[in-house]
Protein chains: 2
Amino acid sequence: MRQKINSPINFERRARIIKAMAHPSRLAMLHALADGEKCVCDLREIVGADVSTVSKHLLVMKRAGLVADRKDGLWVHYRLRVPCVLDFMTCVEAVLDESREKACCKIG
Amino acid sequence: MRQKINSPINFERRARIIKAMAHPSRLAMLHALADGEKCVCDLREIVGADVSTVSKHLLVMKRAGLVADRKDGLWVHYRLRVPCVLDFMTCVEAVLDESREKACCKIG
DNA sequence: ATACTATTTGGTACTATAGCCAAATAGTCG
DNA sequence: CGACTATTTGGCTATAGTACCAAATAGTAT
C-alpha cells in the first residue's frame with residue numbers, strides 16, 4: 001500500500017536520502033560516479049580525505065540507496081544507483097543563480 | 001566568471017542548499033508552499049513544532065535561497081523561490097522504490 | 001499607552017555528524 | 001604461511017544541528 005505523498009513518515013524517508021547527499025565530499029563523489037564505477041581509492045584521491053572518512057561517507061550513501069558496491073578482489077567498486085540525483089544539480093544551480101541575481105542586480 | 005562544475009567550492013555551495021532541504025519538517029514546508037505562500041502560523045500547524053523552531057527552519061531555507069519572505073502586517077508570508085526543488089522528489093521516490101525492489105523482490 | 005497577536009532571537013541541553021588515527025578484516029601473491 | 005594492499009570498523013574529539021522555553025521585537029487595535 002502506497003503512502004500519502006505528504007505523510008510525515010514519507011518526509012522522513014526522503015530527508016534521509018537528501019541528507020545523504022548534503023555534504024561537499026559526497027556530492028563530489030556522486031559527480032565522479034557519473035561516468036561509471038570507481039574504487040574507494042579513486043574516490044579518496046578525488047575528495048582528498050582519509051580513506052576511513054571516505055569509506056564512511058560511502059556507507060552513508062549506500063545505506064540511503066544512492067550508491068551500490070561490488071567487490072572485485074581487493075577493490076570495492078561503487079556506482080550510482082539512481083543517476084537522476086545528478087539532474088537535480090541543474091536546479092541547485094538555479095537556486096544559486098537566483099540568489100546572485102537578488103544579491104547584486106536588483107534595483108529597489 | 002563561471003566556476004568549473006566540479007570545483008570544490010561549487011560542491012560546498014551546492015551542499016549548503018541541499019542541506020537546507022535535508023530535514024523532514026523543512027521538506028514538509030517546501031511541499032506545503034507548492035500551492036502558494038503561507039504564513040509562519042500555517043506552517044507551524046503543518047509541521048506541528050514550536051513556532052520558534054519553525055521560524056529557525058525557515059531562516060535556514062531563506063539563507064540557502066530556497067524560500068523568500070514578505071511581511072504583511074503582523075504576518076510574514078513565505079514562498080518558494082525556485083519551485084524546481086520539488087521536482088526532485090520524483091527522483092527521491094525512485095531511490096526509495098529501487099531500495100524496496102532490491103530488499104524484497106530480487107532473486108539471486 | 002495598554003493589550004493583544006505574530007514572529008524572531010537568545011540561551012541551553014541534547015543528539016548527530018565529521019574527521020582522524022589505530023586496529024581489524026579481507027584478499028592477493030610469493 | 002608471511003608480507004603486502006584495499007577497505008572497513010572502533011574509538012575519540014570537535015563541531016554542527018535541533019528543539020524547547022523564555023524574552024524581545026514588531027505591528028494592530030482600543
Side-chain angles (χ1 to χ4, degrees), chain A residues 8-9 11-30 32-33 36-81, chain B residues 8-9 11-30 32-33 36-81:
Chain A
I9 188 89
F11 289 124
E12 266 171 47
R13 280 202 277 249
R14 290 175 198 164
R16 208 168 312 132
I17 291 167
I18 295 173
K19 201 184 293 187
M21 298 177 64
H23 188 287
S25 301
R26 297 203 284 259
L27 283 184
M29 290 194 254
L30 291 174
L33 293 175
E37 59 175 35
K38 298 230 179 323
C39 67
V40 180
C41 48
D42 288 339
L43 295 166
R44 191 207 66 77
E45 266 198 32
I46 288 165
V47 309
D50 193 277
V51 196
S52 68
T53 303
V54 172
S55 178
K56 281 172 186 173
H57 279 310
L58 287 164
L59 180 63
V60 169
M61 294 198 286
K62 187 166 104 172
R63 279 214 252 256
L66 292 170
V67 299
D69 59 349
R70 172 178 75 82
K71 184 138 198 177
D72 172 30
L74 277 178
W75 291 271
V76 179
H77 296 273
Y78 281 84
R79 64 177 179 279
L80 276 187
R81 217 155 71 106
Chain B
I9 188 90
F11 290 124
E12 267 172 45
R13 280 202 278 249
R14 290 176 198 162
R16 209 170 308 134
I17 292 168
I18 295 173
K19 203 184 292 187
M21 299 177 64
H23 187 287
S25 301
R26 297 204 285 260
L27 282 185
M29 291 194 255
L30 291 174
L33 293 175
E37 58 175 35
K38 299 231 179 322
C39 67
V40 179
C41 47
D42 289 339
L43 296 167
R44 191 206 66 77
E45 266 198 33
I46 289 165
V47 307
D50 193 276
V51 198
S52 67
T53 302
V54 172
S55 179
K56 281 172 185 172
H57 279 310
L58 286 164
L59 181 62
V60 169
M61 293 198 288
K62 188 167 105 173
R63 280 214 251 256
L66 292 170
V67 299
D69 59 350
R70 171 178 76 81
K71 183 138 197 178
D72 171 30
L74 276 178
W75 291 272
V76 178
H77 296 273
Y78 282 83
R79 65 178 178 280
L80 275 187
R81 217 154 71 105

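Naming convention: chains lettered A, B, ... in sequence-line order (proteins, then strands); numbering from 1 in each chain. All heavy atoms count here, side chains included; hydrogens, waters and symmetry mates do not.
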Under-4.0 Å side-chain N/O to phosphate OP1/OP2 contact, A/His77 with D/dT7: no
For the pair A/Arg16 (side chain) and A/Ala64 (backbone), establish whether a donor and an acceptor sit closer than 3.5 Å, ignoring hydrogens and angles. no
Between A/Arg44 and A/Val51, is there a donor-acceptor pair closer than 3.5 Å when you use the side chain of the first and the backbone of the second? no
Atom-pair distance (CZ on B/Arg63; P on C/dT8), nearest Å: 12 Å
Any donor-acceptor pair under 3.5 Å linking the side chain of A/Arg81 with the backbone of A/Lys62? no
Is the base of D/dG17 touched by the side chain of B/Lys56 through a donor-acceptor pair closer than 3.5 angstrom? no
Specify the residue among B/Lys62 and A/Ala22 whose closest nucleotide of DNA chain C lies further upstream toward the 5′ end. B/Lys62
So which one's nearest nucleotide on DNA chain C is more toward 5', A/Thr53 or A/Gly73? A/Thr53
Rounded interatomic separation in angstrom, taking CG from A/Leu43 and P from D/dA6: 14 Å
Measuring from the side chain of B/Ser55 (C-beta onward, heavy atoms only), which nucleotide among D/dT8, C/dT8, C/dC21 has the closest atom? C/dT8
Answer yes or no: does a side-chain N or O of B/His23 lie under 4.0 Å from OP1 or OP2 of D/dA19? yes
Measure the distance from NZ on A/Lys38 to P on D/dT7 and round it to the nearest whole Å. 13 Å
Under 4.0 angstrom between B/Ser52 side-chain N/O and D/dC20 OP1 or OP2: no
B/Arg26 side-chain N/O to D/dT18 phosphate OP1/OP2 under 4.0 Å: yes
Nucleotide C/dT8, atom P - distance to CZ of B/Arg44 in whole Å: 14 Å
Within the 4.0 Å heavy-atom criterion, would you say B/Val51 contacts the bases, only the backbone, or no part of the nucleic acid? base
Under 4.0 Å between a side-chain N or O of A/Tyr78 and OP1 or OP2 of D/dA6? no
How close or far is atom C1' of C/dA6 from atom NZ of B/Lys71, stated in whole angstroms? 8 Å
Hey, could you give me the CG/SG distance between A/Asp42 and A/Cys39, rounded to the nearest 0.5 Å? 3.5 Å
Separation of atom CZ in A/Phe11 from atom C1' in D/dT18, rounded to whole Å: 19 Å
Check every atom of C/dT9, C/dA18, C/dA6 against the side chain of B/Leu59 and return the nucleotide holding the closest atom. C/dT9
Spacing between A/Leu74 atom CG and C/dG27 atom P, to the nearest angstrom: 9 Å
So for atom CZ, which belongs to B/Arg63, do other residues, nucleotides or ligands contribute more than 12 heavy atoms lying within a distance under 6.0 Å? no
Nearest whole Å is fine: how far is D/dT7 P from A/Met29 CE? 13 Å
